[in-house]
Amino acid sequence: MRQMLDQLESEGLEQLEGVQDARQLEAWRIAFLGSKGRLRQAMPMLKDVPKEDKPEVGKRLNEVKQRLEGAFKQKKAALGEGGGQPQGPRLDPTEPGIVETRNLGRSHILTRVRAELVDVFARMGFEVAEGPELEDDEHNFVKLNIPADHPARDPIDNFYVDDPATHPRPRMLRSQTSTVQIRVMERVLGSGGEPPIKIISPGRVYRPDTVDATHSFMFHQLEGLYIDRDVTMADLKSTLLHFARAYFGDDAEVRLRPSFFPFTEPSAEFDMKIALAPGSEPDWIELGGCGMVDPNVLTACGIDPEVWTGFAFGFGIERLAMGKYGIPDIRMLFENDIRFLEQV
Ligand code: DAH
């Protein structure tokens with residue numbers, strides 16, 4: 001009987017080793033520990049053992065039983081709740097991963113350029129101000145000293161929301177960010193404040209232009225306004241020059257050409273001489289308009305032009321982005337063709 005118990009023990013443990021899943025484990029349990037299993041079958045044999053050997057053999061029987069039960073519990077725990085290894089291919093965590101190129105998202109080029117511009121002007125002390133895109137003609141024209149018969153107010157050239165022929169103060173999609181000059185001056189004076197005011201305002205503007213390589217019915221401008229005591233044209237030009245050098249590099253140059261805008265006097269258009277592609281010859285590109293804020297504009301906003309003076313400027317962001325990144329067609333900025341977006 002002793003031999004038989006030894007064999008039962010070693011076979012049991014050995015076979016248990018080979019068990020790999022819950023199904024095999026259950027089969028093993030039935031074979032060895034079940035009610036008709038080998039252990040149970042061994043028990044009645046004890047009565048045939050000579051009396052003097054009984055205690056020892058009985059002890060051994062118990063030992064084998066505990067061994068097998070213990071090993072069974074361990075195995076069960078090792079296979080886990082889920083009942084062991086899943087069928088099918090095993091997972092080899094040392095295998096190299098599948099090489100897949102993940103495309104990281106990034107900001108649109110206009111968003112990046114806008115952020116760069118804000119950054120450069122912030123270093124010169126300009127704060128970002130915002131105004132509504134759905135405006136009224138009061139802020140888009142009237143307070144900017146643009147008279148009722150001015151061609152810029154022609155309904156053909158603007159996205160009016162209300163009919164200007166019947167509404168006293170028709171709403172419209174703003175056609176320029178100069179509106180924000182008025183909004184900010186009103187805001188400052190309305191809350192009991194006074195200049196200095198030093199803001200930039202990047203944002204969308206809308207004009208019913210026919211779309212082509214250089215025109216879009218929606219584009220972005222950046223407006224600047226600085227009002228303080230004794231602000232001069234020299235401050236304007238040096239601010240633009242500072243900006244040009246900070247953004248395009250130390251070789252950049254700025255040129256002002258006399259012009260006319262209703263909201264500035266004197267007015268100028270400004271060009272920057274910049275190298276578009278690295279290593280190429282710098283060339284002049286027309287960027288925008290600027291000038292000294294017209295006294296009528298200051299007065300309309302409650303600012304005394306005898307005490308305060310200021311300059312303003314405005315330019316198109318697309319123009320600048322296209323120049324800086326060599327983009328030939330403005331439509332590329334809005335089509336969202338993935339092949340374009342991946343390049344810039
Ligand atoms: N608002 C003008 C435009 O859309 C640009 C401009 C010109 C803005 C002169 C200014 C300025 O602030 O002083 O064409």
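Both ligands and their constituent atoms are indexed starting at 1 by order of listing. We're numbering straight along the sequence, starting at 1. Hydrogens, waters and symmetry mates play no part in the numbers below; they use all other heavy atoms, side chains included.
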Ion pair Lys75/Glu17, N-O distance below 4.0 Å: no
Contact atoms of ligand 1, heavy-atom distance to Gly291 under 4.0 Å: 13 (O)
Lys/Arg N to Asp/Glu carboxylate O, Arg183 vs Glu135, below 4.0 Å: yes
Nitrogen or oxygen of Ala312 less than 3.5 angstrom from that of ligand 1: yes
Rounded distance (nearest 0.5 Å) linking atom OG of Ser267 with atom CG of Leu256: 11.0 Å
Arg245/Asp250 ion pair, N-O < 4.0 Å: no
Element-labelled atoms of ligand 1 that are located less than 4.0 Å from some non-hydrogen atom of Gln221: 3 (C), 4 (O)
For Thr264, the ligand 1 atoms whose distance to one of its heavy atoms is below 4.0 Å: 13 (O)
Residue and atom name of the nearest protein heavy atom (relative to atom 5 (C) of ligand 1), distance in Å to one decimal: Gly314 O, 4.1 Å
Proximal ligand 1 atoms for Phe261, defined as those under 4.0 Å from one of its heavy atoms: 7 (C), 9 (C)
Where ligand 1 meets Gln181 - atom numbers and elements under 4.0 angstrom, heavy-atom basis: 12 (O)
Per-atom contacts of ligand 1 with Cys290, taking only distances under 4.0 Å to non-hydrogen atoms: 7 (C), 9 (C), 11 (C), 13 (O)
Intermediate values then yes/no, side chain to side chain contact (heavy atoms under 4.5 Å, CB included), Val120 and Met124: CA-CA 7 Å; Val120 171; Met124 292 192 271; 4.2 Å; yes
Atom 11 (C) of ligand 1 [closest protein heavy-atom partner, distance rounded to 0.1 Å]: Phe263 CE1, 3.5 Å
Among Glu253, Glu281, Arg255, the one residue meeting side chain to side chain contact (heavy atoms under 4.5 Å, CB included) with Lys273: Glu253
Reported CG-to-CD1 distance for the pair Leu320 and Ile274, which is rounded to 0.5 angstrom: 6.5 Å
Subset of ligand 1 atoms that lie under 4.0 Å from at least one heavy atom of Ser178: 1 (N), 8 (C)
Nearest neighbour in protein (non-hydrogen) for atom 2 (C) of ligand 1: Gln176 OE1, 3.6 Å
Atom 14 (O) of ligand 1: nearest protein contact (heavy atom, Å): Arg207 NH2, 4.0 Å
Salt-bridge present (Asp137, Arg153; N to O < 4.0 Å): yes
Identity and distance of the protein heavy atom lying nearest atom 12 (O) of ligand 1: Glu223 OE2, 2.6 Å
Ionic contact status for Lys65 with Glu69, cut-off 4.0 Å: yes
